[in-house]
There are 2 protein chains.
Amino acid sequence: MASPFKILLADDHVMFRRGVRSLIQGMDNVEVVGEAGDGFELLRLLKAIHPHLVIMDISMPNLRGLEATREIKILDPGVKVLILSMHKEREYLYHALTAGAEGYLLKEDADGELISAIETLRQGGTFISPLLSAQMADIFVDKFQAGSEPRTGPGEPLTIREREIVKLIAEGKSSKEMGQLLFISSRTVQHHRANIMRKLNLKKTADLVKYAIQKGYVMASVF
Amino acid sequence: MASPFKILLADDHVMFRRGVRSLIQGMDNVEVVGEAGDGFELLRLLKAIHPHLVIMDISMPNLRGLEATREIKILDPGVKVLILSMHKEREYLYHALTAGAEGYLLKEDADGELISAIETLRQGGTFISPLLSAQMADIFVDKFQAGSEPRTGPGEPLTIREREIVKLIAEGKSSKEMGQLLFISSRTVQHHRANIMRKLNLKKTADLVKYAIQKGYVMASVF
DNA sequence: TTGCCCCTGGGTATAAATACCTAGGCTATA
DNA sequence: TATAGCCTAGGTATTTATACCCAGGGGCAA
């Protein structure tokens, strides 16, 4: 393999990043290309570096890990995400997978399983911490890989800007509001909107919302 | 208990209905109050009888079982639904639970487990066929009971008509289209729409779509 | 360089949604 | 009987969305 597997680390604890980095250094053809201390920095680096994988603390500051995961999947759906978490509760796992993460690793497992997790994700798989029973993983993975497979695949017909618009529409924003948020004219937003509708062959805002949910751009919850 | 637990059977096979009925006859304070051979008949009987539980074949004609389940949850969210299915695949279980069913029983299990299933649902629980591992159930039940508990509870502020409107909006229908479908004026639809928005304290169609998905009135899929 | 796609912005027009107001018939219940 | 809630329907006005048209600048690749 000529091109190494590029990894971006996102965790607010320097020591933890150092530990992960040292673990990864023992792997072949895998390289840590950047580190971020919070979500904003992560997104900035993401645009600049375009890594293959982001390893992220779920409780990272400024855009918590799951929000950042959603953003990553909108900005660059091909980037895989491995969530590091201290939470054993299944709700966290569920939300991580629905946010689009391909991996969920407990920090207490990280020492022994991180390399396996990275390898699994590198090969297109999904990795769930062994402490969270394998059955759980199967279900969610089956469901959410099947339901959102084109998220990463070549079937993604939308541009980055268009995915941003889709997310905002699904959040209930009007074209005018989106224009103000994105610092562009509402007319431009309308233009994107029309292009999205045409590309996806949709007719109604309702369809767009369902598309966004299916893609994991937003959560179905109204709360 | 003075009032018996009223059950409506929906299955296109008469012999199967007969078998279920005979099984139930051995139970205390449980009564089969009607039988339907397809989905349309089921909904008609539902409005007339208002049973406590519907036991339904997943592959029933004219409105398949899952569609009928969604309709039931819109028309009368307090009615519990037990799906009878020959499908072991987890996708069917998943879709049944997201459609709002409280129970999923494999036909090959029905003989030995039907009474347990009915009792469980009667007491407000969720029953999944033992052949489908218990872990699966736990996950989904936790998720979807937590996420849609008010579906059956007193927190449901919408009327039947309003829930119908919500479902149609989430399906992408315009007020004019809904008026034609429901044989009422589009102005009436707009009035319902405004009432729904006010009751739920929502502002945008996008929020309504997410509400409908959360409630299980529609699926998030755009396909 | 040339072409293609993305992002940007506007004009115009129609359709739809949203926000207020009004009110009558119906049913269930206090 | 009377009160309340639900479903029905219309008036009027404003805001959005949708559907067409137009075009320029920038990046990227054949």
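Each chain gets a letter, A, B and so on, in the order its sequence line appears, and its residues count up from 1.
Phosphate contact (OP1/OP2 of C:dA16, side-chain N/O of B:Lys176, threshold under 4.0 Å): present. At D:dA17, one or more side-chain N or O atoms of A:Ser175 fall inside 4.0 Å of OP1 or OP2 (strictly under the cut-off). Contact annotation: A:Thr159 side-chain N/O to C:dC6 OP1/OP2 distance is not under 4.0 Å. The side chain of A:Thr188 places no N or O atom within less than 4.0 Å of a non-bridging phosphate oxygen (OP1 or OP2) of C:dG10. Put simply, B:Thr205 has a side-chain N or O that comes within less than 4.0 Å of OP1 or OP2 on C:dT18. The phosphate of C:dT8 has OP1 or OP2 within less than 4.0 Å of a side-chain N or O from A:Arg161.
For A:Asn195 and C:dT8, the CG to C1' distance is 12 Å, given to the nearest whole Å. Here C:dT8 presents its P atom at 13 Å from CE of A:Met178, a figure rounded to the nearest Å. Spacing between atom NE2 of A:His192 and atom C1' of C:dC6 amounts to 8 Å, rounded to whole angstrom units. Nucleotide C:dA17 holds its P atom 7 Å from the CD atom of B:Gln190, rounded to whole Å. Between the C1' atom of C:dA16 and the NZ atom of A:Lys203 lies a distance of 15 Å, rounded to the nearest Å. Atom CG in B:Leu182 sits roughly 11 Å away from atom P in D:dC7 (whole-Å rounding). When the P atom of C:dC6 is taken as reference, atom CZ of A:Arg163 falls 11 Å away, rounded to whole Å. Remark: P of D:dC7 and CG of B:Leu75 are 12 Å apart, rounded to the nearest angstrom.
Salt-bridge check for B:Glu162 with B:Arg193: failed, with every basic side-chain N at 4.0 Å or more from each acidic carboxylate O. Between A:Arg161 and A:Glu164, at least one side-chain nitrogen of the basic residue sits less than 4.0 Å from a carboxylate oxygen of the acidic one, meeting the salt-bridge criterion. Ion pair A:Glu119/A:Arg122 flagged as a salt bridge, since at least one NZ, NE, NH1 or NH2 atom sits closer than 4.0 Å to an Asp/Glu carboxylate oxygen. B:Arg18 and B:Glu35 are not joined by a salt bridge, as no carboxylate oxygen comes within less than 4.0 angstrom of a charged side-chain nitrogen.
One donor-acceptor pair, N or O on each side, does fall under 3.5 Å between the base of D:dT12 and the side chain of B:Arg187. Checked by distance alone, A:His191 brings a side-chain donor or acceptor within 3.5 Å of a matching partner on the base of C:dT8.
Residue B:Ser174 is classed as a sugar-phosphate contact, given heavy-atom separations below 4.0 Å to backbone atoms only.
The nearest heavy atom of DNA chain C to A:Lys199 and to A:Ser185 marks one nucleotide each, and the one closer to the 5' end goes with A:Lys199. When the nearest nucleotides of DNA chain D are assigned to B:Ser186 and A:Ala194 by heavy-atom distance, the more 5′-ward of the two goes with B:Ser186.
The neighbour count for B:Lys176 NZ, taken as heavy atoms of other residues, nucleotides or ligands under 6.0 Å away, does not exceed 12.
Distance from the side chain of A:Ile160 is smallest to C:dC7 among C:dT18, D:dT8, C:dC7.
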